[in-house]
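Below, all heavy atoms of this structure are taken into account, side chains as well, without hydrogens, waters or symmetry copies.
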Amino acid sequence: MDSVRTRFAPSPTGFLHLGSARTALFNWAYARSQGGEFLLRIEDTDLDRSQEEYELAVIEGMEWLGLDWDGEIVRQSERRARHIEATQTLLDTGHAYRCQCSRESVEERKKRDVAAGGPGTYDGRCRDLELGPDCGEHTVRLKLPLEGLIGWEDSVFGSSGQDASQLGDAIIQRSDGTPLYNLAVVVDDIDMQITHVIRGADHQANSVLQMALYDALGAPRPVMAHVPLIVDGAGKKLSKRRNNVSVQQFREEGYLHEALDNWIVRLGWSQGDNEIFTLEDIGRVFSLEGVGRSPAQADIAKLDWLNQHYIKSLTSDDLFERVRPHLERVAGGPVEDSPSLRRLLDLLRERSSTLVEMAELARWQLQDELEYDEKAVKKHLRPVALPLLESLLTAMQALPEWNETALATVFDEVAEAQGGIKLGKLAQPVRVAVTGGPNSPGIFETLEVLGRETSVRRIEQGIAIVRERSEST
RNA sequence: GUCCCCAUCGUCUAGUGGUUAGGACACCGGCCUUUCAAGCCGGCGACACGGGUUCGAGUCCCGUUGGGGAUGCCA
């Protein structure tokens with residue numbers, strides 16, 4: 001049996017977006033699961049739209065997602081001679097013909113046909129004219145069968161295809177002599193010996209044409225597998241214009257590639273009731289049978305959940321390296337590695353669904369000056385808290401050891417001395433004093449992480465705030 | 001307009017003629033608790049509609065409705 005060869009063929013017209021990323025992932029996964037090869041081809045034939053910058057962005061996105069490809073990257077623009085050669089072959093074998101029709105006249109005839117209730121396809125005016133190479137400015141059209149089904153057995157959608165009567169002869173070479181997408185794709189896929197073409201369902205119509213092209217070129221057809229589109233909240237195909245969906249943006253927003261891969265693979269593919277799939281799992285268990293047929297909406301809440309799941313499973317070193325840029329943004333400068341920061345990060349794992357959120361939650365540790373939450377201050381730094389904070393401060397300063405256990409003991413003693421008040425009565429004012437807000441990890445952990453010096457300073461500062469407030473009222 | 005495709009909880013989905021229609025996320029409630037989370041337990045919640053076929057349809061067929069995609073000398 002021939003070994004499987006798939007490819008991902010993005011056009012570098014923007015950043016790698018969700019839909020493309022999923023197509024890439026599926027192709028990668030299928031190849032890996034079958035012990036085959038996964039190739040990368042950049043479709044840069046539309047020079048107007050292609051930009052090197054975007055090509056780099058696409059590659060970067062692939063690498064970030066962990067989708068490694070085999071062999072050298074193929075650039076479609078470098079294969080022009082082959083495309084032109086193939087067109088010539090089609091011309092020589094009578095599978096294609098030169099067409100002199102101008103855009104305007106084709107357009108006009110099309111309009112007329114549509115008005116008459118027809119399909120509005122090219123009417124084949126030049127089909128049998130047998131125009132030679134010296135016929136002046138011309139395009140080249142593929143000579144499609146006039147009738148019969150042009151179909152294939154799709155691995156996802158089953159019997160697919162269209163009746164030839166609904167199709168017009170498509171242009172495969174522009175009047176300036178350059179090849180068009182459909183021709184180039186087929187020629188490249190043949191030369192690259194692609195065995196399975198896995199791509200978005202928006203290509204279904206192209207596939208009809210491409211099947212005819214394989215036939216005309218006398219080449220074996222690959223297995224086709226169309227994947228339902230990912231749609232936005234409005235049910236529309238994801239668009240770069242309307243939706244913020246580039247993978248680098250997700251990265252910047254603090255999502256892990258592990259989460260993104262897992263999220264994406266479950267958009268249109270499933271395996272029983274399983275939800276968690278590492279890239280390694282995907283490369284092992286992915287199958288075309290598991291691909292569904294209806295479009296999927298991308299749900300950020302699910303991504304958030306997955307992201308936290310993977311954040312929890314990261315090693316300490318890995319986590320630190322990945323949040324670091326986000327921490328530094330919050331800190332406004334370089335952030336030093338330290339045991340207490342590592343400890344804080346661990347405490348924050350189960351409180352953060354993104355790395356950005358995690359850095360935000362670490363703000364009180366990263367900045368010298370506290371940013372107070374007004375509501376929290378009003379609620380917890382009140383006169384009643386004054387004796388509490390003061391006696392706590394005194395007791396804390398006398399502590400020989402600054403750690404969680406010792407702090408817990410101090411809190412218990414103060415709570416007892418203050419008339420057996422609940423721990424919460426004590427903890428909240430302290431929390432607001434040392435973090436500026438009402439939420440943080442456990443108060444003992446928080447204080448330990450913060451260290452004696454800063455904790456004491458901030459509690460004193462908190463006491464000052466209470467005094468100030470009681471004087472002004 | 002024409003062609004193609006799709007249709008199970010709000011979302012992602014399991015389901016291949018006989019199920020109390022399952023899971024996950026989200027949401028709601030409870031437990032835990034020094035806050036927020038996390039965790040655990042529980043709850044709400046779906047087969048678009050109408051015809052067939054069948055002893056029996058979420059599952060098969062037809063139609064309707066709704067949605068999407070394609071209709072480029074773009075990729």
Side-chain angles (χ1 to χ4, degrees), chain A residues 9-13 43-46 48-50 76 99 101-103 106-107 110-111 113-121 137-141 154 157 160-163 165-168 170-176 178-182 184-185 200-208 226 228-229 231 233-237 263 266-276 290 292-306 308 312 347-353 361 376 380 408 411 415 422-428 430-432 435 437-444 446:
Chain A
S11 56
T13 54
E43 313 238 309
D44 53 356
T45 44
D46 186 10
D48 288 351
R49 302 202 326 192
S50 297
Q76 195 159 63
C99 172
C101 298
S102 70
R103 296 169 204 251
V106 168
E107 188 56 33
K110 175 184 169 174
K111 262 188 207 154
D113 186 43
V114 168
T121 51
E137 186 170 297
H138 63 271
T139 59
V140 176
R141 286 184 187 269
D154 196 280
F157 285 92
S160 301
Q162 255 180 79
D163 196 86
S165 64
Q166 295 300 324
L167 272 18
I171 296 177
I172 56 176
Q173 189 175 90
R174 295 185 183 90
S175 51
D176 66 0
T178 58
L180 245 21
Y181 172 73
N182 282 115
V185 166
D202 52 342
H203 280 285
Q204 272 166 137
N206 285 327
S207 292
V208 178
H226 289 90
L229 300 179
V231 297
K236 303 260 192 265
K237 180 166 100 163
W263 186 48
R266 286 285 291 100
L267 255 27
W269 176 83
S270 65
Q271 191 204 45
D273 284 339
N274 300 136
E275 294 287 349
I276 301 297
R293 278 172 300 281
S294 49
Q297 260 180 53
D299 176 25
I300 292 289
K302 188 81 158 248
L303 208 215
D304 283 339
W305 174 73
L306 283 166
Q308 179 164 61
K312 285 187 199 165
L347 294 168
L348 259 21
R349 286 175 196 260
E350 53 197 34
R351 287 163 237 263
S352 323
S353 51
L361 291 175
H380 298 293
F411 269 69
K422 296 253 254 185
L423 198 48
K425 293 273 182 211
L426 252 186
Q428 280 311 84
V430 177
R431 194 186 310 280
V432 176
T435 71
N439 304 325
S440 84
I443 192 63
F444 313 132
T446 299

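With sequence neighbours left out, the salt bridge (Lys or Arg N to Asp or Glu O under 4.0 Å) criterion links Arg431(A) to no other residue. Listed by chain and residue number, Asp346(A) satisfy the salt bridge (Lys or Arg N to Asp or Glu O under 4.0 Å) test with Arg349(A) (two or more places apart in sequence, or in another chain). Applying the side chain to side chain donor-acceptor pair (under 3.5 Å) criterion to Asp299(A), with sequence neighbours excluded, gives no partner residue.
Counting non-hydrogen atoms under 4.0 angstrom, Arg103(A) reaches a base of the nucleic acid. Nucleic acid contact for Ile171(A): base, since at least one base atom lies under 4.0 Å from a heavy atom of the residue. Heavy atoms of Ser294(A) sit under 4.0 angstrom from primed sugar atoms or phosphate atoms, though from no base atom. At the heavy-atom level, Ser175(A) lies under 4.0 Å from base atoms of the strands shown. Heavy atoms of Gly437(A) sit nowhere under 4.0 angstrom from any nucleic acid atom. Among the heavy atoms of the strands lying under 4.0 Å from Glu275(A) is at least one base atom, whether or not backbone atoms are also near. In this structure, Cys101(A) reaches the bases: a heavy-atom distance under 4.0 Å links it to at least one base atom across the strands shown.
One interatomic measurement links the two molecules: CZ of Arg293(A) to C1' of rU16(B), which rounds to 10 Å at whole-angstrom precision. To the nearest angstrom, P of rA7(B) lies 9 Å from CZ of Phe157(A). In this structure, Leu303(A) atom CG and rC12(B) atom P are separated by 14 Å, rounded to whole Å. The nearest whole Å value for the distance from the NZ atom in Lys302(A) to the P atom in rC9(B) is 14 Å.
Pairing for rC49(B) is with rG63(B), a Watson-Crick or G-U wobble pair whose two hydrogen-bonding atom distances lie under 3.5 Å.
No hydrogens or angles considered: a donor-acceptor pair under 3.5 Å links the side chains of Thr446(A) and Ser440(A). No donor-acceptor contact under 3.5 angstrom links the side chains of His226(A) and Ser160(A), judged on distance only.
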Identify all pairs in which a protein N or O lies below 3.5 Å from an N or O of nucleotides 27-30 of chain B, and state each distance.
none

Using atom names, set out every protein N or O paired with an N or O of nucleotides 57-68 of chain B below 3.5 Å, distance rounded to 0.1 Å.
residue: rG68(B); atom: OP1; partner: Lys236(A); partner atom: NZ; Å: 2.0

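Nearest heavy-atom pair across Leu229(A) and Ala201(A) is CD2-N, 3.9 Å. The two residues Pro119(A) and Ser165(A) make their nearest non-hydrogen contact at CG-O, 4.4 Å. Residues Pro441(A) and Leu348(A) share a closest heavy-atom pair of CG-CD1, 3.8 Å.
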- Task: Spell out protein contact along nucleotides 32-47 of chain B as letters: B when the base is contacted, S when just the sugar-phosphate is, - when no protein heavy atom is under 4.0 Å; keep the 5' to 3' order.
- Result: --BBBBSS--------

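Look at His203(A) and the base of rA70(B); the rings do not stack under the cut-offs of 5.5 Å between centres and 30° between planes.
Along RNA chain B, the nucleotide nearest to Ala296(A) and the one nearest to Ala9(A) differ in position, and the one closer to the 5' end is contacted by Ala296(A).
Evaluation of atom-type donor-acceptor distances gives a pair under 3.5 Å for the side chain of Asn206(A) against the base of rA75(B).
One N or O on the side chain of Gln308(A) and one on the backbone of Ser352(A) form a donor-acceptor pair closer than 3.5 Å.
Checking the phosphate oxygens (OP1, OP2) of rG72(B), a side-chain nitrogen or oxygen of Lys110(A) falls inside 4.0 Å.
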